[in-house]
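First the proteins, then the strands, lettered A, B, ... as listed; each starts at 1.
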Protein chains: 2
Amino acid sequence: MTSRTPAGETPTGVVRADGLRSPVGHADVPARPGREIPEATVARLPVYLRALTALVDGGTATCSSEELAGAAGVNSAKLRKDLSYLGSYGTRGVGYDVDYLRYQIAREIGLTHDWPVVIVGIGNLGHALANYSGFRSRGFRVVALLDAATTRHEELVAGLEVRPFDELEDIVGTQSVAIGVIATPAVAAQDVADRMVAAGITSILNFAPTVLSVPDGVDVRKVDLSIELQILAYHEQRKTGQLPTEGASA
Amino acid sequence: MTSRTPAGETPTGVVRADGLRSPVGHADVPARPGREIPEATVARLPVYLRALTALVDGGTATCSSEELAGAAGVNSAKLRKDLSYLGSYGTRGVGYDVDYLRYQIAREIGLTHDWPVVIVGIGNLGHALANYSGFRSRGFRVVALLDAATTRHEELVAGLEVRPFDELEDIVGTQSVAIGVIATPAVAAQDVADRMVAAGITSILNFAPTVLSVPDGVDVRKVDLSIELQILAYHEQRKTGQLPTEGASA
DNA sequence: AGGAGTTTGTGAACGGGAGAACAAACTGAG
DNA sequence: CTCAGTTTGTTCTCCCGTTCACAAACTCCT
Ligand SMILES: NC(=O)c1ccc[n+]([C@@H]2O[C@H](COP(=O)([O-])OP(=O)(O)OC[C@H]3O[C@@H](n4cnc5c(N)ncnc54)[C@H](O)[C@@H]3O)[C@@H](O)[C@H]2O)c1
Ligand SMILES: NC(=O)c1ccc[n+]([C@@H]2O[C@H](COP(=O)([O-])OP(=O)(O)OC[C@H]3O[C@@H](n4cnc5c(N)ncnc54)[C@H](O)[C@@H]3O)[C@@H](O)[C@H]2O)c1
């Protein structure tokens, strides 16, 4: 029962069971108090979304902030404050309607429709990404796999044919692609990013270990495996008593 | 005379050219005042390290905080403050000795020796990780690839044989592995984490889209592709003017 | 209906990090 | 030696995010 919506059903018709003075379903948005969502909150919304989906799949209809916070691995006060930026979607004394809240978060993030995505650099990592089913199930659709090496071309990966990198502009233009993924070697990453931006892409997820420079208005997020490991190593070193200044192991 | 190496460059022979009051003799460092490096700084040190390595490879011997900050994509004041937590490794009016600073950061992070790492779950992503050369070059050595599926066993990946998951305890014990990588499906991730912890692993890098619960003293970092994409989607939605509340025209 | 119990939403205190600004320290020329 | 120029290390202020704590709002039982 995924499409069951409480009270008022439609996605567009905001329910407003409560009579709060707060931001009701006004079309007027300019200075709406609840609309400036802090970046830290935005980063947690996907986590809540995932936890809610798990609850829905488990058949839970309602949950308290305490339960949901537990499932998401955060403090319950933080969860409530985060959700309060979206509006008042809970009921005091009761909790949150799981399916309703899930839809509200999905709408806020912009997952009510699928986002087309291109992946550039179909090597080790690119293959794994292309085969990753979590893309599709979480609101993203890989529409093209591009690589500069001709030896990669025409290869079928996850049902898609690897295409020459030069087709980037064409694909981005015709399919209105806004999000690009870079999985090329580091030396090529800046060039690829430049081409992406020129083609009209405005959001980039970068796996190459390089600092990208892009114009204003373009968002870049990086996923850097080595950095994560190095952060772990730093703390690990402290745990084991092997402090940095010790090292005269000779 | 720019490329003067402060006092010897060997990784094992710790330099100590500075006459810091630091606790050389003692491995025991319970309450050291100046050594509490903020988490945000720790997360940036690997970026600086990478930028410095690029400078060394490019033949640069000295650089200012401005230059280095540019290469790392941060504010120069922030860079200087970050470095100040490690000590005074720069020279006023001159800048930083690239190679010396690089070694100091590597030492602080704990990269003067390699860290053994095990990867569990050798599917799409696990293969890519195993083949990733950036591991080795940044201070990490993959010592074992483990998978529960017998069909995967004995397969050679990047020169390593995939071993049964049951060998985890043995490998961790004999090779003193402190860091584990989880690349299994989400449903298996918590079980794998529990086994890792029981085997003695105290740092986990988790690629499965799940919240892991671990005892105190165990660090977990997650890499979550879907979350990154969803954050991008949120901002993308705002750019295109497609605000979430559009539709409430009533 | 009323009161006890529960849970949300938010005001307020608190802590940490970012950035600006500046004194201290070094170099090099005269 | 002195002075001008350069760059670090640090202090100070502001802002964002976290957490506590509690009134408001709802349910349920008597
Ligand atoms: N493999 C991993 O697990 C892993 C982990 C973390 C980060 N990374 C990073 O991800 C990137 C890719 O890693 P990989 O292991 O897949 O490397 P890879 O060499 O296997 O694949 C890179 C692909 O990019 C293509 N390419 C090169 N230049 C290009 C260009 N200008 N335009 C388009 N395509 C181009 C190559 O033809 C190749 O197919 C690297 O930057 C790596 O550091 C990889
Ligand atoms: N493929 C990607 O690009 C990608 C991206 C982001 C996140 N992820 C996540 O990474 C994980 C792995 O993704 P994948 O595409 O490689 O999946 P996969 O199904 O290809 O590989 C999973 C592997 O884990 C093994 N496994 C299952 N249960 C196990 C257990 N209990 N102990 C040990 N091994 C076990 C399986 O035998 C299989 O080889 C998933 O959680 C996925 O959501 C993958």
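Nearest-nucleotide assignment on DNA chain D puts the 5′-proximal partner with B:R80, out of B:R80 and A:G93.
The interatomic distance linking A:Q104 (CD) with C:dG9 (P) rounds to 12 Å, in whole Å. Computed from coordinates, the B:R92 CZ to D:dG9 C1' distance equals 5 Å when rounded to whole Å. Counting to the nearest Å, the C1' atom of D:dG9 and the CG atom of B:L83 are 10 Å from each other. The CG-C1' distance, from A:L86 to C:dT10, rounds to 15 Å in whole Å. The nearest whole Å value for the distance from the CD atom in B:E36 to the P atom in C:dG16 is 11 Å. Across the protein-nucleic acid pair, A:Y85 atom OH and C:dT10 atom P stand 10 Å apart, rounded to whole Å. Atom CZ of B:R44 is separated from atom C1' of C:dG16 by 12 Å (rounded to the nearest Å). D:dC16 atom P lies 12 Å from atom CD of A:E39, rounded to whole Å.
Using a 4.0 Å cut-off, no side-chain N or O of A:N75 falls inside it from OP1 or OP2 of D:dG17.
Here the side chain of B:Q237 pairs a donor or acceptor atom with the backbone of A:E108 at under 3.5 angstrom. For A:Q230 (side chain) and B:A106 (main-chain N/O), no donor-acceptor pair under 3.5 Å exists by modelled atom type. In this structure, B:E228 contributes its side chain and B:L225 its backbone to no donor-acceptor pair below 3.5 Å.
With C:dG19, C:dG17, C:dT7 as the candidates, the nucleotide lying closest to the side chain of B:K78 is C:dG19. Set against D:dC20, D:dG17, D:dT8, the side chain of A:A40 has D:dG17 as its closest nucleotide. Side chain of A:S65, nearest nucleotide from C:dT8, C:dG17, C:dA20: C:dT8. In this structure, the nucleotide among C:dT7, C:dG9, D:dG9 sitting nearest to the side chain of A:Y96 is C:dG9. Minimum atom distance to the side chain of A:T91 is reached by D:dC26, of the listed D:dC26, D:dT8, D:dG9. Checking D:dT7, C:dG17, D:dT19 against the side-chain heavy atoms of B:S64 singles out D:dT7 as nearest.
Between B:R50 and A:D224 there is a salt bridge, since at least one side-chain N of the basic residue sits less than 4.0 Å from a carboxylate O of the acidic one.
In this structure, A:V218 and A:I201 approach most closely via the heavy-atom pair CG2-O, 4.3 Å.
A donor-acceptor contact under 3.5 Å links the side chain of A:K81 to the base of D:dT19.
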